[in-house]
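Keep in mind the model is a prediction, meaning the values are calculated, not measured.
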Amino acid sequence: MLHITASSGSGPLRDDACSYAAALDDWLATRPAALEAASRPIAAYDQRVAVTSALMGVLYDEGWARYGWPEQLGGFGGDIVHRAVMWDALARHGLPAMALYEHLEVLLPTLVALGNPTFMAEALPRFLRGEQVWSQGFSEPEAGSDLASARTRAVERDGGGYAITGRKIWTSWARYARWCLVLARTGTTESRHRGLSAFIVDLQDPGVEVRAIEQANGTDELAEVTFDEVLVGPERLVGEIGGGWRVAMHILAHERGTFGWFRHNFLTREVLDNLSLGGPAGDTLLGNALLDLAAVRASSFGGVRAHAADTVLGPRAAFVKLMLAASEQAVNDWVLASDPDLAVGVQDDHVAVNRQDYLFSRIVTVYGGSQQMQLDTIAKQILRLP
């Protein structure tokens, strides 16, 4: 077994993802204590966050989580294929979800590409090892799917930096996060998407208030965040002033495209963890779910390979987003049909997590851009329909 540690220099498996996969698989097969703790069903979400964060710390210290990220920012080199391999292996070895580390693949590629290198050299290792989590501040009470109408404003201050004032809603992971990537208006309202800029805000700074939102499934993944003259330095601008739309589109290409690879691994894990519940009545539903997952696996890994080749997915990411939503609902429809205790009954941790997952699956056609928006994107930008 090849044991990789944080002192292994630039990473001996940087250029060989297949050897990395084999070595990681061998290591996970030893059943590290942190993996065992994070693999059991845990209904209390704050506890789930704690054990997943502890696992991230071990993965970083052992070197595995540093692959796929630039050396100059604290990684070991390699590319997204290494990260795809890592999360696939974790799911196969029992990890039930990425939890709030979904933003490693939603936000971090954009922050690496467009963020301040000095700031990211400090922030990236802390995120990878589970010390500081990120959240995404895009949607607003009157600007959900229509990001171009965002009203949160960033005003330039004398002496440098900006003061941010406004309100964000449905802000993923803000209750647990240290940092929030905020889309704010630096131009006029009439300038729409051309007048937006992206900033990194410290959620512990004065003027920030985070109010957790308990969802129907009982978790507090989302929050409302208000900003009252919150100061951010120029080093926390992502991209350029007026370049917030480019930042948002870069993020959405991952959230709607390559993220499908990472998410589908854990939907497959959900199927494996619930096979004992199935019976003949659920065979058709299970078959539908497995076919949907196979479609996501094929299409999303195509996106992973495209990203590794520095190719922008663009509107093609909408296809993956649609298929991922369909597969998530198909998996949970099968679980509901197979588990008589899911709606009512004994609330042990396994049943409670299944119930949370089912209720969450009802919103997947809305978050990250609604199903209607994805269809509109395909119609207008790919099929060129009027």
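For the pair Ser139 and Trp170, the tightest heavy-atom approach, listed with the atom from each and the gap, is CB-CD1, 4.4 Å. Pairing each heavy atom of Leu196 with each of Leu147, the nearest pair is CD1-O, 3.7 Å. Here the shortest heavy-atom pairing between Phe266 and Ala91 reads CE2-CB, 3.7 Å. Across Pro96 and Arg269, no two heavy atoms sit closer than the pair CA-CG, 4.0 Å. The two residues Ile213 and Ala223 have their closest heavy-atom pair at CD1-C, 3.7 Å. Contact detail for Met120 and Pro125: the closest heavy-atom pair is O-CD, 4.0 Å.
Arg167 places no side-chain N or O within donor-acceptor distance of the main-chain N or O of Thr226, the cut-off being under 3.5 Å. Between the side chain of His93 and the main chain of Leu90, no donor-acceptor pair closer than 3.5 Å is present. Distance alone, capped at 3.5 Å, is enough to place a donor-acceptor pair between the Thr30 side chain and the Trp27 backbone. Judged purely by atom type and a 3.5 angstrom limit, Arg185 uses its side chain to pair as donor or acceptor with the backbone of Ala148. Between the side chain of Ser197 and the backbone N or O of Gly244 there is no donor-acceptor pair closer than 3.5 Å. Side-chain N or O atoms of Gln356 include one that pairs as donor or acceptor with a backbone N or O of Ala43 at under 3.5 Å. In this structure a side-chain-to-backbone donor-acceptor pair under 3.5 Å is missing from Lys168 to Phe227. Looking at Trp134, its side chain never comes within 3.5 Å of a backbone N or O of Leu107 through a donor-acceptor pair. Using a distance-only test at 3.5 Å, with no hydrogens or angles considered, a donor-acceptor pair links the side chain of His82 to the main chain of Leu13. No donor-acceptor pair under 3.5 Å is formed between the side chain of Glu224 and the backbone N or O of Ile169.
Relative ring orientation between Tyr101 and Phe127 is described as tilted, the plane-to-plane angle lying within the 30° to 60° band. Ring planes of Tyr67 and Tyr20: tilted class, angle from 30 to 60°.
Neither Leu222 nor Leu359 shares a network with the other; the hydrophobic side chains, linked directly or stepwise wherever heavy atoms of I, L, V, M, F, W or Y lie under 4.5 Å apart, form separate groups for each.
Within the 6.0 Å centre-distance limit, the rings of Trp179 and Phe119 are counted as a close aromatic pair.
To the nearest 0.5 Å, atoms CZ (Phe259) and CD (Glu102) are separated by 3.5 Å. Taking CG from Asp376 and CG from Leu385, the interatomic distance works out to 10.0 Å, rounded to the nearest 0.5 Å. Separating the CG atom in Asp357 from the CG atom in Asn217 is a distance of 8.0 Å, to the nearest 0.5 Å. Atom OG in Ser327 sits 11.0 Å away from atom CG in Leu322 (nearest 0.5 Å). Annotation: the span from Glu209 atom CD to Leu203 atom CG amounts to 12.0 Å, rounded to 0.5 Å.
Two residues are said to be in side-chain contact when any heavy atoms from C-beta on lie closer than 4.5 Å; Phe301 and Arg305 meet this criterion. For the pair Leu267/Leu324, a side-chain contact is recorded, criterion being any heavy-atom separation below 4.5 Å from C-beta on. Under the 4.5 Å side-chain criterion, counting only non-hydrogen atoms from C-beta, Pro117 is not in contact with Gln72.
For the pair Arg83 and Trp69, the cation-pi test (distance below 6.0 Å, angle within 45°) is passed.
The existence of a salt bridge linking Arg297 and Asp88 is confirmed by a sub-4.0 Å separation between a basic side-chain nitrogen and an acidic carboxylate oxygen. Glu255 and Lys321 are not joined by a salt bridge, as no carboxylate oxygen comes within less than 4.0 angstrom of a charged side-chain nitrogen. Here Arg151 does not pair with Glu140 in a salt bridge; the nearest charged N to carboxylate O distance is not below 4.0 Å. Arg362 has a carboxylate O that lies under 4.0 Å from a charged side-chain N of Asp333, or vice versa, which qualifies the two as a salt bridge. Under the 4.0 Å criterion applied to side-chain N and carboxylate O atoms, Arg92 and Asp25 are assigned as salt-bridge partners.
Between the side chains of Asn274 and Asn354, at least one donor N or O sits under 3.5 Å from an acceptor N or O. A donor atom on one side chain and an acceptor atom on the other are not found under 3.5 Å apart for Asp46 and Tyr176.
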